[in-house]
Amino acid sequence: MQNLLHNLNAEQLAAVTLPAQSALILAGAGSGKTRVLTTRIAWLIQTGQVSPSGILAVTFTNKAAKEMLTRLSAMMPINTRGMWIGTFHGLCNRLLRAHHRDAALPQTFQILDSQDQLSAIKRLLKQMNVDDEKYPPRNLMYFINGAKDQGLRAKDVEAHDDYNRKFVELYDLYDQQCQREGVVDFAELLLRTYELLSRNQPLREHYQRRFRHVLVDEFQDTNDLQYKWLKLMSGQGQVDSGAVFAVGDDDQSIYAFRGANVGNMTAFEREFRVQNLIKLEQNYRSHGHILDAANILIANNSKRLGKNLRTDAGHGEQVRIFESSSDLQEAQWIIEQVKNLIAEGWSRSEIALLYRSNAQSRVLEHALFSSAIPYRVYGGQRFFERAEIKHAIAYLQLMDNLHNDSAFLRVVNFPTRGIGAKALEQLQDAARQYNCSLYAAVPYVAGKAGSSLNGFIKLIEGARFETQNLPLQEMVQVVLDASGLITHYQNEKEGADRIENLEQLVSAATLFVSEEGYGLDAPAFLGPQAQAVAGTSITTADGIEIIDADASLTTIMSPLSAFLSHASLEAGDNQAQAGQDALQLMTVHSAKGLEFDAVFITGLEEGLFPHENSAKEEGGVEEERRLMYVAITRARKRLYMSFSQTRMLHGQTRYNMRSRFFDELPDESIKWLSPKIQQQQHSWFAQPKSAWDAAPESGNNKIAQNFSRPDSGWRIGQNVAHAKFGEGVIVNIEGGGGSTRAHINFGKFGMKLLDLSVAKLEKLG
DNA sequence: TCCCCCTAATTTTTT
DNA sequence: ATTAGGGGGA
């Protein structure tokens, strides 16, 4: 015990040893948040206040959950079995599997990832003959997810006009389609669990009695439904409710765009009667100047719970700021600095290049590639999202759940087996007529189409028969061969990588089976061997005794179902190149939670960071500022910030002003590596959105001339006047020779593309 | 059925 | 600049 609390500071110690009541921990960046969370769990158990089964710890990412488990097992000798530690979605999956009957789901229900969900929606729109121009599938998806994230079913959504009524109607139809097919999307996992426990008193009381301590990581990222879910799980408001230990940082709330509601923090304080609000303000990561910059910057936000980080590490170095004339030059400069750092002995993997949007990585990558500096870009495609893997998974899904129409359609003609659009149309008609799945509709299709479809059915059923007693990894191998996927890619000229990936799927299955404790010879199809552990049985309303969703998946899911869940819920690694000591490139969003010795924050320009779209959104700029705060606080020892006067974006050169965030940094903590050019500050910001491409101010004209085309007689940056549109500025020139056209920003008339040989333009200034 | 060309869109991301 | 997706032709 002494050991456990030994290295904590006063704030951390206070948080860890709080009484068993709900508490809010405001944990600043680098303040030892995960440590407090895990030590709290260990302390509760070691002091005998709770048994491991009374713990429910929730995170957002699998990575965070894994990290917590690892640290806990290092801290305590006891096994972590019995503790519920996982993501919201993972825990819900477990609950729904265990109580699938009460949740009205098939035991083998399958989870749609975002791709699957979108294609399910497209399919629905097609079937309903809905114009997907008028009702874009993507928008419908946002609509549905947005509603579910607030805990609303179609019947609960208010629509005030016909357009929205159509969305609501489609939402309802979508849910019906999912139910028919035995599939659930991500938001549904949470909503279904919430509804299950709301309506089923014995189940609800069982879990509420069980979970004495509910701990939540990254609480500022919770959405409305997750908040309600936590209330329900802890039994908030009831006599003997569990205690919720919420850890979060309102200053690092950067996911409002996907439904996160920072307001949950104040709601939590109020509704859970929080007596204990503890701020962790001691930072163990960054040097003083870096921390000062972060503190002063974030102080510009109005809606804050209030917090100020401090460090014992001393001032350290100032933040270095560099202005370049072009994005290419910016990249060159960064590479120079990186080379210097490496020469000084800094480790490549301890240097990060951060940017606001993925598109910005290209220039940096190009420059790094030319300089032969190893780098790694985060955020690419992930293993289970690859097309060939999705195909293989679809075969497995279909074998486990014949009514999954998404899976059916994905592979019915892949590899091609002569089942074209016509045959599928017949099949879909039959399915509609008999209100059944595509699979079940096959016998109703006559003729040539019917026989080719029958061939597919034979294939699936043959594979099912052949693999019924095989362990998962062998089943996967059989499916790869029987489906013809391997043969298909062997015949494709660039199929070698894909085959390699498919082989990796077999390894992934092997690894999964052994890690989850199924045993390498457990048949993949075999149902769970439910075993009642003492205290885990519940008697439901209709008098049936069932086993609760114990921590081990093996008791509630077959290896195949578990593996398919795993494929959806943990899409796998998304790091392009792993292994060697490489520079780290990522968006600021993906950098959250990470730290590096040296950090470059690049592309700090108005329109990019803060992003132009943020100006339109309520609270958008404050969220961008929090994003900037996250970026700054990633750095331990050295921080660089850079911006460029011109930048190639979407094939057009943009003239941006330096980010307003520079003006919010304390002078003492920053050092301009290039002369600070006086710019006209942000007066344009109130102008219409087209003004984002504003012309360079006088101080930048030198640059504009570099990019001009003297032969045309016109140049970028030239001020012009037009009879109808008034005064404007040439932002870009394209073409040349016979037809030269110019993009001209006419302020309130917006951007126009005019032919310079035709348009009557007068040169000004 | 496949392939090529045209168009449109392009903040951030996990599950 | 780049890419994804749709439509039309071979």
Side-chain angles (χ1 to χ4, degrees), chain A residues 58-65 86-93 111-119 122 126 132-133 136-138 142 145 148-149 184-191 193 217-218 221-223 225-226 253-260 327 354-363 365-366 378-382 384-385 387 413-423 492 565-572 574 586-593 603 607-617 620 623-624 626-628 630-631 647-654 732 734:
Chain A
V58 201
T59 64
F60 279 87
T61 65
N62 295 300
K63 196 177 158 204
T87 63
F88 279 102
H89 296 86
L91 296 168
C92 287
N93 181 37
I111 302 167
L112 302 180
D113 66 20
S114 320
Q115 270 180 56
D116 301 334
Q117 188 187 17
L118 189 62
S119 55
K122 284 180 180 165
K126 198 169 250 173
D132 59 2
E133 298 263 290
R138 210 164 271 281
Y142 293 147
N145 290 341
K148 288 190 179 184
D149 284 346
V184 297
D185 59 50
F186 287 135
E188 182 75 19
L189 281 171
L190 275 122
L191 184 51
T193 307
D217 191 19
E218 306 279 16
D221 289 338
T222 51
N223 63 32
L225 178 56
Q226 287 158 338
S253 159
I254 55 174
Y255 285 113
F257 71 92
R258 65 175 198 215
D327 47 353
L354 307 184
Y355 34 82
R356 175 69 234 280
S357 63
N358 285 306
Q360 289 165 249
S361 75
R362 184 165 245 102
V363 198
E365 282 187 73
H366 184 77
Y378 282 68
Q381 200 183 31
R382 303 156 73 183
F384 284 103
E385 289 168 358
N413 198 34
F414 191 94
T416 48
R417 41 179 76 91
I419 301 175
K422 227 171 29 192
E492 209 172 59
S565 296
H566 168 80
S568 300
L569 293 176
E570 305 188 39
N574 60 2
M586 66 194 82
T587 64
V588 180
H589 279 92
S590 19
K592 190 177 161 206
L608 254 188
F609 201 172
H611 196 276
E612 52 195 323
N613 293 358
S614 71
K616 300 179 204 122
E617 286 153 27
E623 177 136 327
E624 295 288 307
R626 290 193 292 270
L627 198 50
M628 182 71 185
V630 168
R647 181 174 300 275
M648 196 63 131
L649 199 65
H650 310 319
Q652 283 203 337
T653 305
R654 295 179 34 139
N732 192 29
E734 58 184 45

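First the proteins, then the strands, lettered A, B, ... as listed; each starts at 1.
Every residue meeting the salt bridge (Lys or Arg N to Asp or Glu O under 4.0 Å) condition with E623(A), not counting sequence neighbours, appears here in chain and number order: R626(A). Shown here are the salt bridge (Lys or Arg N to Asp or Glu O under 4.0 Å) partners of D113(A), two or more places apart in sequence or in another chain: K390(A). Contacts of Y142(A) classified as ring-ring contact (aromatic ring centres under 6.0 Å, His included), with partners at least two apart in sequence or in another chain: none. P415(A) is linked by a side-chain contact (heavy atoms from CB on, under 4.5 Å) to Y395(A), R417(A), L485(A), H488(A), counting only residues two or more places apart in sequence or in another chain. Considering only residues two or more places apart in sequence or on other chains, F88(A) meets the ring-ring contact (aromatic ring centres under 6.0 Å, His included) condition with F60(A), W229(A). Scanning for salt bridge (Lys or Arg N to Asp or Glu O under 4.0 Å) contacts around D185(A) gives K148(A), with sequence neighbours left out. In this structure, the side-chain contact (heavy atoms from CB on, under 4.5 Å) partners of D327(A), at least two apart in sequence or on a different chain, are V363(A), R647(A), M648(A). For F186(A), the ring-ring contact (aromatic ring centres under 6.0 Å, His included) partners are H89(A), not counting sequence neighbours. Partners of E624(A) by salt bridge (Lys or Arg N to Asp or Glu O under 4.0 Å), not counting sequence neighbours, listed by chain and number: R356(A).
Residue D113(A) is classed as having no contact, given no heavy-atom separation below 4.0 Å to the nucleic acid.
At whole-Å resolution of the value, CD1 in I111(A) and P in dT15(B) are 12 Å apart. Going from atom CG of L190(A) over to atom P of dT14(B) covers 17 Å, rounded to whole Å. The interatomic distance linking R654(A) (CZ) with dA1(C) (P) rounds to 16 Å, in whole Å.
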Between the protein and nucleotides 1-3 of chain B, which nitrogen or oxygen pairs are less than 3.5 angstrom apart?
unit_1 : atom_1 : unit_2  : atom_2 : d
dT1(B) : OP1    : N413(A) : ND2    : 3.3

Between N or O atoms, less than 3.5 Å apart, protein on one side and nucleotides 10-13 of chain B on the other: list the pairs.
unit_1  : atom_1 : unit_2  : atom_2 : d
dT11(B) : O4'    : H611(A) : NE2    : 3.2
dT11(B) : O2     : R356(A) : NH1    : 2.6
dT11(B) : O2     : R356(A) : NH2    : 2.3
dT11(B) : O4     : E617(A) : OE2    : 2.7
dT12(B) : OP1    : N358(A) : N      : 2.7
dT12(B) : OP1    : N358(A) : ND2    : 3.0
dT12(B) : O4'    : R356(A) : NH2    : 3.2
dT12(B) : O2     : R356(A) : NH2    : 2.5
dT13(B) : OP1    : T587(A) : OG1    : 2.7
dT13(B) : OP2    : N358(A) : ND2    : 3.3
dT13(B) : O2     : R258(A) : NH1    : 3.4

At under 4.0 Å between heavy atoms, how does the protein contact nucleotides 2-10 of chain C? Give one character per nucleotide, 5' to 3', with B, S or -. SS-------
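Using cut-offs of 30° and 60° on the angle between ring planes, the pair H589(A) and Y255(A) is tilted.
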